[in-house]
Amino acid sequence: MTDPRFPVLTQKQIYTLQEFGDIITFEEETTIFKVGDSDYDFYVVLDGEIRVKDEHNKDQVVTHGIHEFTGDNSMLSGRGIPFSGYASQGATVLRIKPEILKGIIARYSDISDVLLKAFVQRQETMLREFVGGIKVLGSEKSKETYGLRDFMEKNHIWHTFLNTDVSEEGQALLDSFNLTHEDLPILINITGKLFKKPTLAELAKQTGVLTEFGDEIFDVLIVGAGPSGLAASVYAASEGLSVVTIDGNAPGGQAGKSTKIENYLGFPTGISGTDLANKAYLQAQKFGCHISIPHKAEKVEYNGSYFTLCASNDKHIKTKSIIAATGANYRRLPIENIEKFEGSGVFYSATGMNASACKDELVGVVGGGNSAGQAALFLADHAAEVHVIIRGDDLGAKMSDYLVQRIYAAPNIIVQKNSNVVQLHGAHHLESLVLDTEGSEQTIGISNLFTFIGAKPCTGWLNSIVAMDDKGFIYTGQDVIETAMTKCSIFEQRKPQSLESSIPGFFAVGDVRKGSVKRVASAVGEGSMAISQVHQFLADLKNQQLAQL
């Protein structure tokens with residue numbers, strides 16, 4: 001049975017690909033790509049073989065034979081390739097430039113299916129089975145170290161964490177570079193270059209997650225790469241619009257923090273939020289969408305003709321239309337010293353990285369929604385006890401019934417009703433908390449607390465440029481009152497479309513929109529529907545410009 005990671009292309013597919021590349025024969029063994037390259041070619045073996053090697057472990061990863069091909073997800077994302085490739089002496093290959101390959105993938109569905117399935121499975125195998133990639137040295141209890149690891153985990157970046165609290169290899173690396181614990185955290189990229197206390201922007205540049213794109217005026221800018229933003233990215237790019245998508249942290253949004261989504265249509269056994277986001281991220285790039293992370297929206301301006309978004313990392317983006325898909329963040333618990341423990345005992349998502357730190361520990365989960373329920377069940381497979389803490393007395397008030405039933409059936413999950421966390425204690429990392437249950441306080445030795453409460457819209461970057469309610473959610477469609485609408489010829493001809501705000505061409509989708517349904521399926525629906533409304537706006541804009549001639 002053929003390994004799906006290394007399929008053999010058909011002769012018909014080879015003939016199609018030959019129209020877009022060059023056939024090369026190597027007289028001697030030749031390096032065709034090196035670890036860390038971000039702009040490297042795609043190769044199909046016509047004769048001989050290509051060996052792919054893990055330079056870190058000095059191991060052979062795979063040998064590609066006749067009609068097999070090189071590459072992984074980085075072919076589309078522009079990230080650095082993790083391995084090196086060598087063509088054997090006498091090998092004949094078909095070489096295709098990466099930009100041309102993207103066009104082939106978008107145009108030929110049979111080739112696209114084979115390549116993308118292989119690319120996805122190769123990445124999953126690398127992340128799951130290979131030790132290597134970027135090295136991160138630091139304390140497991142460090143907030144700064146957690147920030148780097150969390151970013152890499154959510155962006156599917158291949159890395160190895162060396163906990164300097166217990167790792168002899170980590171301490172040996174510190175000694176070999178003549179460094180101390182004061183220099184932590186330390187990043188060593190896949191080419192061996194070392195960075196002390198790197199920022200997320202530096203990490204993103206090193207891994208290719210932070211990408212460059214042109215300075216033209218785009219048809220649409222999508223701010224936020226959660227389910228709604230990614231859906232909009234896929235539809236905009238597939239329908240030929242010039243589109244760029246930015247996010248301040250990682251693809252997935254609130255859904256990306258869900259360990260298992262079981263009520264999303266088409267996934268009867270469930271799918272994790274990160275897997276869903278990663279596949280959508282690849283799908284958008286397949287059609288040519290530029291996605292750059294981390295670019296956090298800081299301010300937006302509108303001059304009547306186009307928008308200018310000022311983003312972090314000194315990026316200014318001009319666009320005819322904007323889709324705000326920035327979602328909402330979980331609120332902080334109203335505890336004075338909570339910021340001290342964020343990233344070192346207090347978390348707003350539960351990932352595999354968190355699970356390993358919770359092994360045999362006491363864990364707390366605050367919140368009564370589905371995200372809290374999913375996190376509690378996921379962590380219960382690793383922790384000694386999981387305390388689900390809710391303010392009311394009915395766990396099923398906001399949580400789906402299937403989650404409620406599983407929580408009550410789990411032997412190591414304790415539901416703390418009518419309770420609030422009122423104090424956090426610990427020197428550098430959370431060690432315990434005080435729980436108030438109907439006026440009675442108790443101290444519990446919880447060392448990892450996950451909070452999923454409330455929803456504060458991420459609209460601070462808008463500076464009230466569009467109409468919002470008193471909580472910061474954006475009004476759209478019929479909720480936009482006439483006095484709040486921008487005075488322009490477009491709104492003289494029509495009212496705002498259902499996802500359009502008080503400025504024509506400015507749309508809001510997902511959790512950031514006033515009146516949205518907080519479900520992944522509805523977010524995806526809004527993101528896709530918004531693109532049809534963008535087309536309508538662009539047509540209106542063109543007519544307006546023609547009328548002014």
Side-chain angles (χ1 to χ4, degrees), residues 1-26 32-33 37-52 61-83 85 87-88 91-127 156 208 211 230-231 233-243 266 275-276 278-291:
M1 186 175 181
T2 303
D3 188 331
R5 296 172 299 175
F6 308 111
V8 175
L9 294 170
T10 66
Q11 191 61 58
K12 180 181 177 182
Q13 291 167 336
I14 296 290
Y15 286 147
T16 300
L17 290 170
Q18 283 178 347
E19 298 178 23
F20 301 95
D22 303 314
I23 296 176
I24 303 170
T25 298
F26 297 98
I32 55 176
F33 50 82
D37 287 349
S38 58
D39 185 19
Y40 62 97
D41 298 330
F42 172 80
Y43 293 91
V44 179
V45 180
L46 301 180
D47 193 22
E49 61 186 32
I50 292 175
R51 294 185 300 109
V52 178
V61 176
V62 67
T63 298
H64 293 298
I66 294 175
H67 290 188
E68 293 182 353
F69 54 88
T70 64
D72 61 12
N73 284 1
S74 57
M75 295 294 314
L76 300 180
S77 65
R79 300 186 185 187
I81 192 168
F83 304 122
S88 64
T92 299
V93 303
L94 172 64
R95 182 182 66 187
I96 299 175
K97 294 295 182 183
E99 287 305 315
I100 294 175
L101 180 68
K102 291 178 183 178
I104 295 170
I105 288 173
R107 183 176 175 184
Y108 297 96
S109 62
D110 61 326
I111 295 175
S112 172
D113 290 347
V114 174
L115 266 55
L116 293 185
K117 285 178 183 177
F119 288 173
V120 168
Q121 294 200 32
R122 289 174 187 180
Q123 183 193 48
E124 290 176 350
T125 299
M126 180 186 69
L127 293 173
H156 291 76
T211 63
L230 288 171
S233 303
V234 169
Y235 277 83
S238 67
E239 293 176 15
L241 297 177
S242 61
V243 54
D275 283 346
L276 181 65
N278 190 44
K279 286 178 170 61
Y281 175 73
L282 179 65
Q283 189 176 13
Q285 291 175 320
K286 160 187 170 179
F287 291 114
C289 178
H290 298 281
I291 302 180

Which residues satisfy the side-chain hydrogen bond (donor to acceptor under 3.5 Å, both in side chains) test with [X], sequence neighbours excluded?
| X | result |
| --- | --- |
| Gln13 | Thr10 |
| Tyr235 | none |
| Gln11 | none |

Any side-chain heavy atom of [X] sitting closer than 4.5 Å to one from [Y]?
| X | Y | result |
| --- | --- | --- |
| Ile104 | Thr16 | no |
| Phe20 | Phe42 | no |
| Arg95 | Thr70 | no |
| Val114 | Phe69 | yes |
| Tyr43 | His64 | no |
| Ser74 | Phe119 | no |
| Ile32 | Val93 | no |

Under the side chain to side chain contact (heavy atoms under 4.5 Å, CB included) test, residues paired with Glu19 that sit two or more places apart: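 Partners of Glu19 by the side chain to side chain contact (heavy atoms under 4.5 Å, CB included) criterion come out as none, since no residue qualifies.
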
To the closest 0.5 Å, what do you measure between [atom1] ([X]) and [atom2] ([Y])?
| X | Y | atom1 | atom2 | result |
| --- | --- | --- | --- | --- |
| Leu76 | Lys102 | CG | NZ | 6.5 Å |
| Ile111 | Leu9 | CD1 | CG | 7.5 Å |
| Leu276 | Leu230 | CG | CG | 8.5 Å |
| Leu127 | Asn278 | CG | CG | 8.0 Å |
| Met75 | Asp39 | CE | CG | 9.0 Å |
| Phe26 | Ile50 | CZ | CD1 | 7.0 Å |

Shortest non-hydrogen contact from [X] to [Y]?
| X | Y | value |
| --- | --- | --- |
| Ala280 | Val234 | O-CG2, 4.0 Å |
| Pro7 | Ala118 | CD-CB, 3.9 Å |
| Met126 | Pro82 | SD-CG, 3.4 Å |
| Ser233 | Ala284 | CB-CB, 3.9 Å |

Leu94 and its side-chain contact (heavy atoms from CB on, under 4.5 Å) partner, picked from Ile23, Val45, Ile24, Asp41: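 It is Ile23, the one option of Ile23, Val45, Ile24, Asp41 that forms the side-chain contact (heavy atoms from CB on, under 4.5 Å) with Leu94.
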
Ser112 side chain to Tyr108 backbone, donor-acceptor under 3.5 Å: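 No, the answer is negative, given that no donor and acceptor are paired below the 3.5 Å cut-off.
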
Main-chain N/O of Glu49 paired with Ser88 side-chain donor or acceptor, under 3.5 Å: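 Yes, Ser88 side chain to Glu49 backbone: donor-acceptor pair under 3.5 Å.
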
Side chain to side chain contact (heavy atoms under 4.5 Å, CB included) evaluation trace for Leu282 with Gln123: CA-CA 12 Å; Leu282 179 65; Gln123 183 193 48; over 6 Å; no

Leu101/Leu115 under side chain to side chain contact (heavy atoms under 4.5 Å, CB included): CA gap, chis, key distance, verdict: CA-CA 10 Å; Leu101 180 68; Leu115 266 55; 3.8 Å; yes

Partner set under ring-ring contact (aromatic ring centres under 6.0 Å, His included) for Phe33, not counting sequence neighbours: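 Scan of Phe33 (ring-ring contact (aromatic ring centres under 6.0 Å, His included), adjacent residues dropped) gives Tyr40.
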
Test side chain to side chain contact (heavy atoms under 4.5 Å, CB included) applied to His156 and Asp275, step by step: CA-CA 9 Å; His156 291 76; Asp275 283 346; 4.2 Å; yes

Salt bridge (Lys or Arg N to Asp or Glu O under 4.0 Å) pairs, two or more places apart, involving residues 105-125: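 Of all non-adjacent pairs touching residues 105-125, those that pass salt bridge (Lys or Arg N to Asp or Glu O under 4.0 Å) are Glu124-Lys279.
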
